[in-house]
Number of protein chains: 2
Amino acid sequence: MTSFYSEKHKFFLAVDCIIFGFHESELNLLLLHRNFEPEKGTLSLPGGFLKDSESLNDAAIRVLNELTGLENLYMEQVHAFGDVNRDSGERVVSVAYYALININDYDTSLLDKYNAIWVKATEVPKLVFDHSTMVKSARQALRKRTAVEPVGFNLLPEKFTLPQFQTLYEAIYGEVLDKRNFRKKVLNMNVLEKLNEKDKLSSKRGAFLYRFNEGKYKEFLSKGYDFTI
Amino acid sequence: MTSFYSEKHKFFLAVDCIIFGFHESELNLLLLHRNFEPEKGTLSLPGGFLKDSESLNDAAIRVLNELTGLENLYMEQVHAFGDVNRDSGERVVSVAYYALININDYDTSLLDKYNAIWVKATEVPKLVFDHSTMVKSARQALRKRTAVEPVGFNLLPEKFTLPQFQTLYEAIYGEVLDKRNFRKKVLNMNVLEKLNEKDKLSSKRGAFLYRFNEGKYKEFLSKGYDFTI
DNA sequence: GCAAAAGTGTTGCCATTACACCCATGA
DNA sequence: TCATGGGTGTAATGGCAACACTTTTGC
């Protein structure tokens, strides 16, 4: 007896990753020059085909690891893209994920190896296929998530200053925020630990370093608060 | 020359639909008894395999149309589910969609034809594979969407009363709302058209009927307001 | 006349916004 | 000493939540 499934078509399945980093007060993302046809040479999101042995999430984790050398990245599925002709080569359905990386952890030797570049999220060039749409969806998903969970920390080094933190949020939301109101809100949440060190890289006076405190955050959540900035 | 793609695996791709209806003050959803192996007879979401000629959205539209006879349903993609063993028969990646239907439009003869049943969203029985997870995700997606866009109207007949409307929102959010505050907020948005008819089915006094006015809604949006209830 | 659902305003509070000046330091 | 970015508090406002009684009408 033939199985029910055997009558059905099968499809290529890919994952494409929007890898966000935060650098010089700007949200950046990592792009590749496609090294195979069709559209060889065109800028593209890093991606890969799903393997038989792995889940969609696993595939995204693999792609991210190949390109960054990092594990345990924060990531979130964005959307499945399934238009018939979205890939000009073959019928491919692709699931987009975004990931947040601390750009200081990134091994820049990988840029050459993979022919990769960082571009500012505000200046994304034309990308292959529907990858520009994927980027838009990912930025939206990141904004929504940020409004409700403190995921922004994943884009910063372990220790960071409040001005840095504010600039990050401004980059994610695409609008400037009031300094006093921002600091008030963030500090009132009581999830940051103030350190006795200053970062003097961006000012003579120096800005105090803070660290995200997971324990305090759990406490904060258990009180039913929400993380709205 | 063999194409780059030909080395890659292919996968079965399915869409599964969470079809919401609103009936007797409760959010309901439409389930099927699976009529093929594996898990024949188990309750399941309506779904179908992607065809070569259609996009993911098209597939969802087709599945919805087969089961309801309706077109132009409001629907939204929820998430792609891709765990290796999520389907006990074969490796299948499935993309979940939810849809909203006006339950009065539903042709109940289809219930028998497809061996389908409506169940209360608060009392969903155990479902096949990861379909229970899909339902949870869909309810969450519906809540989020409802908080930001007036999609609830799709679950109501063209003419509806404010008490009905409030009950719907209570069903979606899973909490009771204050009558006065609710009416104040909804009416202030000025997207409803009050009719000169009353619905006397649920009270002796009768409740005025209203209609959603698309034009007023566009105006409302153009002023930059948002639909938060 | 009574039960059952529809309809209606006001007040207090909290959260958000707007806003301007002093501080510390390296050059 | 001055230029640069870091750091701080208050007042006004508007939106949200809490709250209870009257109206209509079929039975």
Side-chain angles (χ1 to χ4, degrees), chain A residues 22 24-26 143 146-148 156-157 159-171 173-211 220 223-229, chain B residues 22 24-26 143 146-148 156-157 159-171 173-211 220 223-229:
Chain A
F22 183 62
E24 287 176 354
S25 305
E26 302 241 26
R143 264 199 302 278
T146 304
V148 89
L156 294 173
K159 302 171 179 182
F160 52 86
T161 68
L162 289 183
Q164 268 184 292
F165 193 43
Q166 180 176 346
T167 315
L168 169 61
Y169 270 72
E170 291 177 333
Y173 288 136
E175 56 182 313
V176 297
L177 305 171
D178 180 90
K179 188 165 47 158
R180 280 174 288 194
N181 293 336
F182 181 84
R183 297 170 78 98
K184 213 188 313 168
K185 228 183 288 189
V186 169
L187 293 175
N188 276 342
M189 289 182 180
N190 202 36
V191 299
L192 294 187
E193 201 181 321
K194 186 175 184 174
L195 305 176
N196 272 327
E197 309 167 57
K198 283 192 166 188
D199 175 274
K200 297 214 154 199
L201 293 176
S202 58
S203 81
K204 293 159 187 166
R205 179 177 177 178
F208 276 104
L209 288 164
Y210 288 78
R211 179 163 39 193
F220 172 81
K223 287 180 185 153
Y225 297 146
D226 79 327
F227 193 88
T228 309
I229 294 206
Chain B
F22 183 62
E24 286 177 355
S25 305
E26 304 241 26
R143 263 199 302 276
T146 304
V148 89
L156 293 173
K159 301 171 181 183
F160 52 87
T161 67
L162 289 183
Q164 266 183 295
F165 193 43
Q166 180 176 348
T167 316
L168 169 61
Y169 271 71
E170 292 176 333
Y173 289 135
E175 54 183 313
V176 298
L177 305 170
D178 180 89
K179 186 166 43 157
R180 279 174 289 191
N181 292 336
F182 181 84
R183 297 171 78 100
K184 213 186 313 167
K185 231 181 286 187
V186 169
L187 293 176
N188 277 342
M189 289 181 183
N190 201 37
V191 299
L192 294 187
E193 201 180 321
K194 187 174 184 175
L195 305 176
N196 272 326
E197 309 167 56
K198 283 191 166 187
D199 175 273
K200 296 214 153 201
L201 293 176
S202 60
S203 79
K204 292 157 188 167
R205 180 177 177 178
F208 276 104
L209 287 164
Y210 289 78
R211 179 162 40 193
F220 173 80
K223 288 180 185 153
Y225 297 147
D226 79 327
F227 193 88
T228 309
I229 294 205

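Just so we're on the same page: letters track the sequence lines, and every chain starts at 1.
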Every protein N/O lying under 3.5 Å from an N/O of nucleotides 5-7 of chain C:
residue : atom : partner  : partner atom : Å
C:dA6   : N3   : B:Arg205 : NH1          : 2.6
C:dG7   : OP1  : B:Phe208 : N            : 3.0
C:dG7   : OP2  : B:Arg183 : NH1          : 3.3
C:dG7   : OP2  : B:Arg183 : NH2          : 3.0
C:dG7   : O5'  : B:Arg183 : NH2          : 3.0
C:dG7   : N7   : B:Lys179 : NZ           : 2.7
C:dG7   : O6   : B:Lys179 : NZ           : 2.9

Taking only nitrogen or oxygen atoms into account, show me every contact under 3.5 Å that the protein makes with nucleotides 15-17 of chain C, one pair per line with its distance.
residue : atom : partner  : partner atom : Å
C:dT17  : O4   : A:Lys184 : NZ           : 3.2

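Residues meeting the side-chain contact (heavy atoms from CB on, under 4.5 Å) test with A:Arg180, sequence neighbours left out: A:Asp178. For A:Lys159, the side chain to side chain donor-acceptor pair (under 3.5 Å) criterion is met by A:Glu197, not counting sequence neighbours. Considering only residues two or more places apart in sequence or on other chains, A:Arg143 meets the salt bridge (Lys or Arg N to Asp or Glu O under 4.0 Å) condition with none of them. For A:Lys179, the side-chain contact (heavy atoms from CB on, under 4.5 Å) test picks out A:Gln166, A:Arg183, with sequence neighbours left out. Evaluation of the side chain to side chain donor-acceptor pair (under 3.5 Å) rule for A:Lys184 yields A:Asn181 as partners, not counting sequence neighbours. Contacts of B:Glu193 classified as salt bridge (Lys or Arg N to Asp or Glu O under 4.0 Å), with partners at least two apart in sequence or in another chain: B:Arg211. A search for ring-ring contact (aromatic ring centres under 6.0 Å, His included) contacts involving B:Phe22 returns nothing, not counting sequence neighbours. Take A:Phe160 and apply the ring-ring contact (aromatic ring centres under 6.0 Å, His included) test, not counting sequence neighbours, and it matches A:Phe153, A:Phe165. Applying the side-chain contact (heavy atoms from CB on, under 4.5 Å) criterion to A:Lys200, with sequence neighbours excluded, gives no partner residue.
Counting only heavy atoms from C-beta outward, the side chains of B:Tyr210 and B:Leu187 approach each other to under 4.5 Å.
With rounding to whole Å, A:Asp178 atom CG is found 11 Å from C:dA20 atom P.
Bounding nucleotides for the chain B contact on DNA chain D, 5' to 3', at a heavy-atom distance below 4.0 Å, are D:dA17 to D:dG26.
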